[in-house]
Each structure stands twice: as structure tokens, then as C-alpha cells.
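For the single chain, residues carry numbers from 1 onward in sequence order. What's counted below: heavy atoms across the whole structure, side chains too, no hydrogens, waters or symmetry copies. Note that this is a predicted model, so its numbers are computed, not measured.
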Amino acid sequence: MINSRNILLMLVAIACIMVGALAAPTPRVIEPDGMDLSLDGMQISDPEHTAEYMEMTGGTAKPGLQTYGRNLAGNWSFELKNMKSFPIGDIELRLYQSEAALFGTGIFKQGLNRQIATAEGSLLEGNAMILNVVSLDNVFLYRMTLNSADGNSTSGAFTLYSPAGEAPAKGTVSGGRSDVRRIS
């Protein structure tokens with residue numbers, strides 16, 4: 001049986017909760033003057049790369065207007081190796097470019113296994129670019145940080161993410177354009 005004392009205690013508890021909720025300050029969002037909320041400012045760099053690494057590769061994680069003059073559209077081949085330099089697969093892509101945005105489709109090859117893959121990424125300042133490749137059958141994400149000084153060959157690192165949520169695997173990537181463009 002519920003007695004009047006228990007009812008009174010419940011009403012006091014409810015009143016305390018309501019007073020506490022009303023007394024709490026309302027959070028305010030303050031945006032600093034000049035804050036860039038555009039997609040151009042939303043580039044996320046790989047937290048594994050230090051400022052020294054980004055300086056060595058010639059780029060930072062912020063797109064620059066001068067990078068739009070580089071044309072990396074074309075057919076590309078990449079070789080992926082694990083950290084022990086053991087080959088784990090090849091990626092052949094047809095990349096398109098619009099300003100600093102890169103995108104395309106291709107094939108991920110691992111031995112006799114072939115999977116359709118999609119790619120998206122962006123040019124960064126200097127010679128660097130980020131390229132995300134997703135194999136569609138097994139849905140693996142290969143996030144590649146690349147440096148292409150001449151626009152025809154590239155090297156860098158990748159992180160492999162699996163849909164099972166396992167710890168990401170890391171490795172190296174090298175490759176080049178199969179339809180080499182020459183500067184005349």
C-alpha cells in the first residue's frame with residue numbers, strides 16, 4: 001500500500017527535478033566572425049600524419065586554389081602493400097576531376113578476385129591528395145594519402161577500414177598514371 005508519506009516524497013522529488021531543469025542555463029552557440037562553414041573548409045586530415053610528414057609530402061590537409069591548375073584526371077594504377085611490404089592488391093581507376101575534387105570508378109584486384117570500386121577525394125595544397133576507394137562487394141574503405149610531384153606517378157600511405165569494425169590496417173601505396181600526360 002502506498003501511504004501519504006511516499007506520495008509526498010515522490011512529489012518533492014519531481015518538483016526538485018523540474019526546478020533543476022528550469023534553473024539550468026540554456027546553451028548558446030557562438031560562431032566567431034569569419035568562421036568558414038563551407039565544404040571547402042571541411043577537409044579532415046589523417047590524424048596519423050604529423051606536420052613533418054605533411055611537409056615531406058608537400059601538402060597539408062587544406063585545399064588550395066593553386067591546386068586547381070593540376071589535372072590528375074585519367075587512368076591510374078595503384079599497388080598496395082602491407083607494412084611488411086607484402087602485396088595485398090592492385091587498384092585500377094578512371095579518375096575525373098572538377099576543381100580540387102577527384103572521383104571515379106575502377107577495379108580492385110586481389111589475386112584472381114576482382115571487385116568494382118568507387119573513388120572520391122580531393123587535391124590538397126602542394127603535391128598532396130587524399131583518395132578514398134571503396135570496394136563494393138566486400139565494402140572495404142582504402143583511405144590513401146598520396147603525393148604526386150609530377151602528376152604522373154604517386155606514392156604514399158593507406159589505411160584499410162573494414163565493415164566489421166576491426167582495427168584499421170595500414171600500408172604503403174605506389175602507382176602512376178597509365179595514360180601519362182606530358183608537359184609540352
Side-chain angles (χ1 to χ4, degrees), residues 39 42-64 67-68 70-183:
L39 290 179
M42 299 295 288
Q43 297 299 321
I44 299 171
S45 65
D46 188 344
E48 298 294 322
H49 293 127
T50 63
E52 292 84 14
Y53 174 84
M54 295 308 287
E55 185 177 321
M56 285 182 352
T57 61
T60 62
K62 189 163 186 153
T67 62
Y68 296 160
R70 292 189 298 145
N71 184 0
L72 297 180
N75 296 313
W76 287 82
S77 296
F78 302 98
E79 181 182 22
L80 284 70
K81 295 182 179 181
N82 66 14
M83 295 308 283
K84 295 179 181 178
S85 296
F86 182 78
I88 63 165
D90 296 303
I91 301 173
E92 293 180 3
L93 294 174
R94 172 71 180 141
L95 291 178
Y96 302 91
Q97 181 177 341
S98 178
E99 295 181 336
L102 298 168
F103 54 97
T105 60
I107 302 290
F108 176 77
K109 299 186 291 186
Q110 188 174 29
L112 297 176
N113 186 17
R114 307 273 190 268
Q115 296 182 49
I116 296 174
T118 63
E120 82 68 40
S122 61
L123 299 175
L124 305 176
E125 290 179 4
N127 298 321
M129 65 178 150
I130 297 278
L131 195 60
N132 297 305
V133 178
V134 176
S135 61
L136 297 183
D137 289 345
N138 294 333
V139 193
F140 287 106
L141 167 62
Y142 299 85
R143 181 173 171 80
M144 300 187 290
T145 305
L146 303 165
N147 183 32
S148 181
D150 63 3
N152 291 318
S153 61
T154 188
S155 63
F158 74 89
T159 304
L160 169 62
Y161 298 92
S162 73
E166 300 162 353
K170 297 185 181 298
T172 61
V173 59
S174 61
R177 193 190 298 256
S178 53
D179 55 349
V180 176
R181 297 180 187 252
R182 292 187 166 77
I183 300 174

Q. Do Phe108 and Tyr142 have ring centres separated by under 6.0 Å?
A. yes
**Q.** Residues Thr154, Met144; criterion side-chain contact (heavy atoms from CB on, under 4.5 Å); working and verdict
**A.** CA-CA 11 Å; Thr154 188; Met144 300 187 290; over 6 Å; no
**Q.** Check against side-chain contact (heavy atoms from CB on, under 4.5 Å), Leu146 and Phe78
**A.** CA-CA 11 Å; Leu146 303 165; Phe78 302 98; 3.9 Å; yes
Q: Taking atom CD1 of Ile116 as the centre, report whether more than 12 heavy atoms of other residues, nucleotides or ligands fall under 6.0 Å from it.
A: no
Any sub-3.5 Å donor-acceptor pair from [X]'s side-chain atoms to [Y]'s backbone N or O?
| X | Y | answer |
| --- | --- | --- |
| Ser148 | Asn127 | no |
| Thr159 | Arg143 | no |
| Gln110 | Ile88 | yes |
| Gln97 | Glu99 | yes |

At what distance, to the nearest 0.5 angstrom, does [atom1] of [X] lie from [atom2] of [Y]?
| X | Y | atom1 | atom2 | answer |
| --- | --- | --- | --- | --- |
| Ser178 | Glu92 | OG | CD | 7.5 Å |
| Arg94 | Ile107 | CZ | CD1 | 14.5 Å |
| Gln115 | Leu136 | CD | CG | 8.0 Å |
| Ser122 | Asn132 | OG | CG | 8.5 Å |
| Asn71 | Arg177 | CG | CZ | 6.0 Å |
| Asn82 | Thr172 | CG | OG1 | 8.0 Å |

Q. What do the steps show when you test Phe158 against Ile91 for side-chain contact (heavy atoms from CB on, under 4.5 Å), and what is the final call?
A. CA-CA 12 Å; Phe158 74 89; Ile91 301 173; over 6 Å; no
Q: Could you point out which residue of Leu131, Asn75, Thr105 forms a side chain to side chain contact (heavy atoms under 4.5 Å, CB included) with Leu95?
A: Leu131
**Q.** Minimum heavy-atom distance between Gly104 and Tyr96, given as atom pair plus value
**A.** CA-CD1, 4.1 Å
